[in-house]
S.K.: 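Attaching a single structure in structure tokens format; questions to follow.
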Amino acid sequence: MKPLSLSILLLVLGSPAAPEDVVKKVGQLSIRVDESRAVPGGLMVVRLNALLGTTFAILNGTRVTFEAPHHGVRALVPIALTASPGPAVLGIELVTRQGRQRVPVDVAISPKTYPPRAVVIPLEKRPLLLDRAASRQSRMLLENLRTHSDKAEWTEPFKPPVPIAPTPTFGSPETFTGGEAVDSRMDSIFGEYHRGLDYMVPPGVAVSAPAAGTILLAESLVLTGQTLVIDHGQGVVSAFFHLGRIDVQEGARVEAQAPLGVSGDSGLSPYPHVHWGVYLHGVAVDPTLLGEALAE
Ligand SMILES: [Zn+2]
């Protein structure tokens, strides 16, 4: 392995490594991995002491750019709900004038069990699964969920979209009565897992933005119903499904807690509720865990 260039721009980072962090040093470069949220449906927070030209973190095929100077040189690396717990290799890829160099870092994904849930699709909504527009729409939705814009729009911790506690069903493996593979048909992501938090509210309850961002998508889709996608920047995207009404337009910028619309049961929703999903580089992660990491 070639020694790293001495022309590295050294940035001072505030906090010292926590005792449980994985630290690897290569030349002048120090790589620190916070594994405290490294579970399926969670994330790894990777920090560098220096920023080279372009640097990526790669885990299980997902490639994430290091962002700077927001909170030091940091990458938030998502872990899919389908990831296997156990040892894994995080790749740190450095692209400099000297060439491309890949540094492997041994990390671990801890197991996490999510309770299964069974969902009954109402009889009158089952024909929606046969609508031929659904698969094209779900691929279009995934393209939106994979959006990456450089600037972080959030300035404070994410807030719940409605002021009640959600049902703790993020990550739950799901089975459906009245249809198969419903989750993956909605967002074109592999695996039948609940990729969001559900807030059990009646129709017509005001829904507000969890954080500032730009409206990427505000459209009625066959399966996810009245669908709203917000780009918060740096690969963090919110998605709301099954709304009753959307009051914002595509392209608009919204502040944290701005009104977005109201709850409903549009699309293939078994009952009225608000579904809020958070995607990190197109991978669904637990909004609670990501919110904590963003606040650091
Ligand atoms: Zn849901």
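Whatever order the structure lists them in is the order used to number ligands and atoms, beginning at 1.
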S.K.: Counting backbone and side-chain atoms alike, is an N, O or S atom of His273 positioned under 2.8 Å from the Zn ion (ligand 1)?
M.R.: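 Checking the Zn ion (ligand 1) against His273, no N, O or S atom falls under 2.8 Å.
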S.K.: Judged by modelled atom types alone, do Ser149 and Asp231 share a side-chain donor-acceptor pair under 3.5 Å?
M.R.: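 Note: Ser149 and Asp231 side chains meet the donor-acceptor criterion.
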S.K.: Aromatic rings His281 and His148: how do their planes relate, parallel, tilted or perpendicular, breaks at 30° and 60°?
M.R.: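 Parallel, since the angle between the ring planes stays under 30°.
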S.K.: Closest N/O/S atom of His275 to the Zn ion (ligand 1), by atom name?
M.R.: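 This turns out to be ND1.
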S.K.: Do any of the N, O or S atoms of His194 sit under 2.8 Å from the Zn ion (ligand 1)?
M.R.: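 Coordinating: yes.
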S.K.: Looking only at N, O or S atoms, find the one in Asp198 nearest to the Zn ion (ligand 1) and name it.
M.R.: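 Sorting the N, O and S atoms of Asp198 by distance to the Zn ion (ligand 1) puts OD1 first.
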S.K.: Would you call Arg37 and Glu35 a salt bridge, using N to O less than 4.0 angstrom?
M.R.: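 Salt bridge: no.
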S.K.: Is the ring pair His194/His275 parallel, tilted or perpendicular, if the boundaries are 30 and 60 degrees?
M.R.: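 Taking His275 first and then His194, their aromatic rings stand perpendicular (interplane angle over 60°).
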